[in-house]
Amino acid sequence: MKQRKFRGTTSHAVLQQVRTELGADALIVSNRTTADGIEVIALPGDEMASLLRSASDDGRMPLRDKPAAESQVWKRMMTELLALRSTLEERFAQMASADALRRQPQRAGLMRDLLLGGYSAAVAREITRHLPDGCSAAQARQWLVRVVAKNLNCANPADDIIVRGGIYALIGPTGVGKTTTVAKLAARCAVRHGAGQVALLTTDNYRIGAQDQLRIYARILGIPVYPIGDQYDLGRVLESLRDRHLVLIDTIGMGQRDERVAEQALLLAQPEIHRILLLNAAAHAETLDETVTAYGGGAHDQPGNGLSGCIISKLDEAVRPGAALDVIIRHRLLLHFVSNGQRVPEDLHAADAGYLAHRSLSVKKPSPAFVLHDAESALLLGHAGGVAHA
């Protein structure tokens, strides 16, 4: 066997040597800490294949031709070797991340702040790797807030939904606050343009009391409500409301994994309808990510995923609001408004990137059950790339 020894001051440096000289398929046989750093013994990937072939009766009988029992032994051996290799590579990646963070304490601090705020490891890694050299702790913090704010695409208040007008369908899971947000937008438009310039539609014919809630808001505002049952109803009603400045559609709330999400998308698939997704700031990051994918019906390489933007709801309930901002950044969504309560129309605000960035990075210290030690932080870092730009 052509075993090779590699030495370096850090695990990252040694791994780079292994990959450069033996290729990405190299097998790590062993590793140990020495007085000078890290020592690794590795084999080229094709060397292991040759070793297995020679061990199979000195090559006289191919592995695939060996009796069934022996073949299973060899398969199990290969499976275990691959599992060992995967484990070692993961361990070295974690060691490399830990080494990098130890060498850059300011970057490590920003990484912890982002992860604590609810941001994904991908975005946290991509942002912090651009940290300028020589920053003090205060300067690094200010830099981080600026970069996060720069990556948030917020709508211009001078040209928002109410100013611009049009037809907007508010979509999202049950309980995210669609009906209340519809009422807030309608109230603002009624004050600015008059109640006669606003109309409300609802497709929610399933939940008990769903239309009643919207009708109560509409009655207070002096705005009509039109129930919608199918595409024919929708087309007919929209045609009759072409003279209205703002038409808002309150939709059925469905979980991101509900098959009816696709049916609703077909109902709203008209060029003049702009779909606005509501994101619950108190929801888990992965749940928000699935919600954008399900309701947007697109991929990460398409800005906005077919959506006309989003509104953050329940900001007042969020412990880690960075999760919602992270999803907005990665999916490149346009953020129109932020909602932080149930009052109509007071608890609806224009999206302010600077405020949201600062708010997301100013979370309270978590309870001891959720605190990670420095050595454990590397376990959160995956291998996916981010899309944020410093």
Side-chain angles (χ1 to χ4, degrees), residues 11-12 15-16 24 86 89-132 140-141 143-154 256 277 279-296 298-305 307 310 312 318-335 353 356-357 359-361 363 366 370 372 374-390:
S11 56
H12 178 73
L15 279 178
Q16 285 296 106
S86 177
E89 287 182 344
E90 181 179 356
R91 176 57 179 160
F92 271 98
Q94 293 169 2
M95 291 171 64
S97 297
D99 285 340
L101 293 178
R102 278 195 295 269
R103 293 195 305 271
Q104 297 176 295
Q106 298 296 1
R107 182 188 171 208
L110 298 187
M111 180 74 76
R112 282 193 297 269
D113 289 344
L114 286 165
L115 295 176
L116 182 63
Y119 290 87
S120 67
V123 166
R125 185 190 310 110
E126 182 66 16
I127 288 178
T128 56
R129 76 184 183 90
H130 294 283
L131 177 66
R141 178 76 175 192
W143 174 88
L144 179 61
V145 173
R146 287 197 304 271
V147 171
V148 172
K150 181 181 178 181
N151 278 276
L152 280 173
N153 184 18
C154 295
Q256 76 276 11
L277 178 63
L279 296 173
N280 182 353
H284 196 274
E286 279 87 347
T287 301
L288 292 171
D289 200 63
E290 284 190 1
T291 299
V292 174
T293 301
Y295 277 91
H300 283 234
D301 58 353
Q302 296 297 323
N305 289 348
L307 298 169
C310 64
I312 292 179
V319 176
R320 298 187 178 188
L325 303 186
D326 176 273
V327 169
I328 291 170
I329 290 172
R330 285 188 293 105
H331 288 271
R332 292 179 283 173
L333 294 173
L334 176 63
L335 179 58
L356 290 170
R359 166 83 164 75
S360 69
L361 295 169
V363 297
F370 298 95
L372 283 174
D374 289 345
E376 297 166 337
S377 297
L379 297 174
L380 292 178
L381 306 180
H383 300 284
V387 296
H389 304 281

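Among all heavy-atom pairs drawn from M111 and A124, the shortest one is SD-CB, 3.4 Å. Closest of all the heavy-atom pairs between V148 and A357 is CG1-CB, 3.7 Å. Nearest heavy atom pair, residue A283 against residue A323, reads O-CB, 4.3 Å. In this structure, A281 and A324 approach most closely via the heavy-atom pair CA-CB, 4.2 Å.
Considering only residues two or more places apart in sequence or on other chains, R359 meets the side-chain hydrogen bond (donor to acceptor under 3.5 Å, both in side chains) condition with none of them. Every residue meeting the side-chain hydrogen bond (donor to acceptor under 3.5 Å, both in side chains) condition with D326, not counting sequence neighbours, appears here in chain and number order: S120, R330. Remark: E286 engages H284 in a side-chain hydrogen bond (donor to acceptor under 3.5 Å, both in side chains) (not counting sequence neighbours).
Residues Y119 and I127 have side chains not in contact (no heavy-atom distance under 4.5 Å, counting atoms from C-beta outward). Within the 4.5 Å cutoff, side-chain heavy atoms of I328 are placed close to those of I312. Residues L110 and L131 meet the side-chain proximity criterion, which asks for heavy atoms closer than 4.5 Å. At a threshold of 4.5 Å between non-hydrogen side-chain atoms, the residues L307 and H331 do not count as touching. When side chains are defined from C-beta on, R332 does not count as touching N153, because their heavy atoms never get closer than 4.5 Å. Inter-residue side-chain proximity for R125 and L114 is flagged as unmet; no heavy-atom pair is nearer than 4.5 Å.
From E290, atom CD reaches atom OG1 of T293 across 7.5 Å, with rounding to the nearest 0.5 Å. One distance of note links CD of E126 with CG of N151; it measures 9.0 Å at 0.5 Å rounding.
Under the side-chain contact (heavy atoms from CB on, under 4.5 Å) test applied with L288, the options L325, L279, L277 reduce to a single match, L279.
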_side-chain contact (heavy atoms from CB on, under 4.5 Å), that's the test. Do L116 and R320 meet it? Break it down for me._
CA-CA 7 Å; L116 182 63; R320 298 187 178 188; 3.9 Å; yes
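S360 contributes a side-chain N or O that, together with a main-chain N or O of L356, makes up a donor-acceptor pair within less than 3.5 Å.
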